[in-house]
Amino acid sequence: RRWQGAELTARPAWLLLLGLAGQTPLLAQAPAAGDPSPTVVADSASPVQPHVHRIRWYEAAAAVAGTSVLMLVDDPVERYVQRHRSNTSDDVASAFRHAGQPEVYATVSLGLVVVGLASHNSDIARAGGRAVAAVGLAGASTLVFKTLIGRARPDSGLGSTNFHPFSRSESMPSGHSALAFALMTSLADDVHSHWLRAGFYSVAVGTAFSRVNDNRHWLSDTGFGAIVGITSAKLADGHWRIFGIKPPAFLLSPSGGAAIGWQASF
């Protein structure tokens, strides 16, 4: 087994994250103040998981096929949305767009880690660590796919079938959609409330809508982004497995530090 980690240092964060953290089933009592253990090492697998699903080749093929089907309607959907675009749709898009930007996904995920460390509650910190791992994996995957696919954005005027790998064209997949779905899926997997889960996913769907409304992405871009985001979150919290890669584990230190790393068995 191999271990690779990247250290995170706790810093003051918005206390509004306490409200979100309070909804997770991870909020067990914090370790006693007199606990002599200098560190806590824990697997990141979410406690809200009935089983571990191993991704099969045909499921990956189905995801590719589904994205391909969406590509068939990219042009008519783009024309319809832009023809019916209004101040109202722009306002809705503006409200949801931020979920795919650093001010939301970075603040919420890293903020949970900070809150957990500041309160000496390793469970909250691990919940944040899962979110950090999810958005990190989604972000890295998105960059790779964008480079390999090289699809032109709809506002470029080049059409939905313009692909130039390793170019500056970076429409597929939608990064906003991928990051929003990664964060919201991670949060949804850590709560028991169906209403909260529906709310989290609604925010992610709204983010995807904003990218189509703003004419920055094709419909299939957002669909592929959703697949990337959901898969990243499920791998990070241990619900899904692929290539023998286990969910990340976290090393938490009472002195105010945390490390995250992935393990794989071959």
Side-chain angles (χ1 to χ4, degrees), residues 59-109 134-186 200-235:
E59 293 171 323
V64 173
T67 302
S68 299
V69 170
L70 289 180
M71 291 177 68
L72 297 177
V73 298
D74 274 336
D75 286 311
V77 167
E78 189 264 348
R79 288 193 296 268
Y80 178 86
V81 171
Q82 295 310 308
R83 203 162 43 233
H84 293 81
R85 187 172 176 178
S86 64
N87 290 333
T88 300
S89 67
D90 284 347
D91 289 341
V92 172
S94 178
F96 285 104
R97 186 186 308 121
H98 297 283
Q101 297 177 174
E103 62 264 25
V104 171
Y105 69 75
T107 299
V108 172
S109 58
V135 298
L137 181 57
S141 301
T142 297
L143 290 176
V144 171
F145 283 124
K146 281 179 179 292
T147 301
L148 295 177
I149 297 173
R151 189 185 198 186
R153 293 182 183 273
D155 60 2
S156 69
L158 298 176
S160 63
T161 58
N162 187 282
F163 294 89
H164 290 287
F166 303 100
S167 68
R168 291 195 173 186
S169 297
E170 51 182 20
S171 188
M172 178 177 273
S174 164
H176 279 68
S177 300
L179 290 164
F181 270 97
L183 175 63
M184 296 305 161
T185 300
S186 181
F200 287 140
Y201 281 113
S202 294
V203 171
V205 171
T207 304
F209 163 76
S210 75
R211 304 311 284 162
V212 176
N213 176 82
D214 296 347
N215 207 30
R216 292 294 289 160
H217 284 286
W218 306 98
L219 178 63
S220 58
D221 295 342
T222 63
F224 191 18
I227 292 172
V228 171
I230 293 172
T231 301
S232 297
K234 295 292 185 180
L235 290 174

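For clarity, every value in this text was computed on a predicted model and none was experimentally measured. Only this structure's heavy atoms are used, side chains among them; waters, hydrogens and symmetry mates stay out.
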Chemist: So, taking the atom named CZ in Phe200 and the one named CG in Leu183, what distance separates them when rounded to the nearest 0.5 Å?
Modeler: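 Between atom CZ of Phe200 and atom CG of Leu183 there are 8.0 Å.
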Chemist: Working to the nearest 0.5 angstrom, can you tell me the gap between Trp218 CH2 and Glu78 CD?
Modeler: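 Rounded to the nearest 0.5 Å, the CH2-CD separation comes out at 5.0 Å.
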Chemist: Just by modelled atom types, is the Val212 backbone N or O under 3.5 Å from a matching donor or acceptor in the Gln82 side chain?
Modeler: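 Yes; judged by distance alone, with no hydrogens or angles, the pair exists.
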Chemist: Quick one, Ser89 and His84 - any side-chain contact, counting heavy atoms below 4.5 Å?
Modeler: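 No - every pair of side-chain heavy atoms lies 4.5 Å or more apart.
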Chemist: Mind listing the closest non-hydrogen atom pair of Ala178 and Ala138 along with its distance?
Modeler: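 Of all heavy-atom pairs spanning Ala178 and Ala138, the closest is O-CB, 4.0 Å.
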Chemist: How far apart are the closest heavy atoms of Leu148 and Pro165, and which atoms are they?
Modeler: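 Closest approach of Leu148 to Pro165, heavy atoms only: O-CB, 3.1 Å.
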Chemist: Using side-chain heavy atoms (C-beta onward) and a distance below 4.5 Å, is Asn213 in contact with Val92?
Modeler: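 No, side chains not in contact.
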Chemist: Would you confirm whether Thr185, through its side chain, and Phe181, through its main-chain N or O, come within 3.5 Å as a donor-acceptor pair?
Modeler: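 Yes; at least one donor-acceptor contact below 3.5 Å.
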Chemist: Let me see the working for Arg97 and Asp214 under salt bridge (Lys or Arg N to Asp or Glu O under 4.0 Å), right down to the final yes or no.
Modeler: CA-CA 10 Å; Arg97 186 186 308 121; Asp214 296 347; 2.9 Å; yes
Chemist: How close do Pro154 and Ser171 get, heavy atom to heavy atom, and via which atoms?
Modeler: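 The answer is CD-OG, 4.0 Å.
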Chemist: Hey, could you give me the OG1/CZ distance between Thr147 and Arg168, rounded to the nearest 0.5 Å?
Modeler: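 Thr147 atom OG1 to Arg168 atom CZ measures 12.0 Å (nearest 0.5 Å).
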Chemist: To the nearest 0.5 Å, tell me how far Arg216 CZ sits from Ser156 OG.
Modeler: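 If I round to the nearest 0.5 Å, the distance is 9.5 Å.
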Chemist: Main chain of Ala63, side chain of Thr67: is a donor-acceptor contact present, judged purely on distance under 3.5 Å?
Modeler: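 Yes.
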Chemist: Identify the heavy atoms of Gly223 and Leu70 that sit nearest to each other, and give their distance.
Modeler: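 Smallest heavy-atom distance, with atoms named: CA-CD1, 4.1 Å.
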Chemist: Taking Ala182's backbone N and O only, do any of them form a donor-acceptor pair with Ser186's side chain (distance below 3.5 Å, no angle check)?
Modeler: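 Flag not set: sc Ser186 to bb Ala182 has no pair under 3.5 Å.
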Chemist: Please round to the nearest 0.5 Å and tell me the distance separating atom CZ of Phe224 and atom NE2 of His217.
Modeler: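 Between Phe224 CZ and His217 NE2, I get 12.5 Å after rounding to 0.5 Å.
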Chemist: Taking all heavy atoms of Val203 and all of Ala99, pick out the closest pair and write down the distance.
Modeler: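 The answer is CG1-CB, 3.7 Å.
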Chemist: How many angstroms lie between NE2 in His176 and NE2 in His98, if you round to the nearest 0.5 Å?
Modeler: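 It comes to 9.0 Å.
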Chemist: Under 3.5 Å, side chain of Lys146 to main-chain N/O of Pro173, donor-acceptor pair present?
Modeler: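 Yes: the side chain of Lys146 pairs with the backbone of Pro173.
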Chemist: Let me know which of Arg151, Arg153, Arg79 forms a salt bridge (charged side-chain N to carboxylate O under 4.0 Å, His left out) with Asp74.
Modeler: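 So, applying the salt bridge (charged side-chain N to carboxylate O under 4.0 Å, His left out) to Asp74 and each of Arg151, Arg153, Arg79, only Arg151 qualifies.
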Chemist: For Asn87, I'd like to know if atom CG has over 12 heavy atoms of other residues, nucleotides or ligands within 6.0 Å.
Modeler: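 Atom CG in Asn87 is not crowded, with 12 or fewer foreign heavy atoms closer than 6.0 Å.
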Chemist: So does Ser177 get a backbone contact from the side chain of Thr207, meaning a donor-acceptor N/O pair under 3.5 Å?
Modeler: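 The answer is no, because no donor-acceptor pair under 3.5 Å joins these two groups.
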Chemist: For Phe145, is the CZ atom crowded, meaning more than 12 foreign heavy atoms sit under 6.0 Å from it?
Modeler: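 It does not: Phe145 CZ has 12 such atoms or fewer within range.
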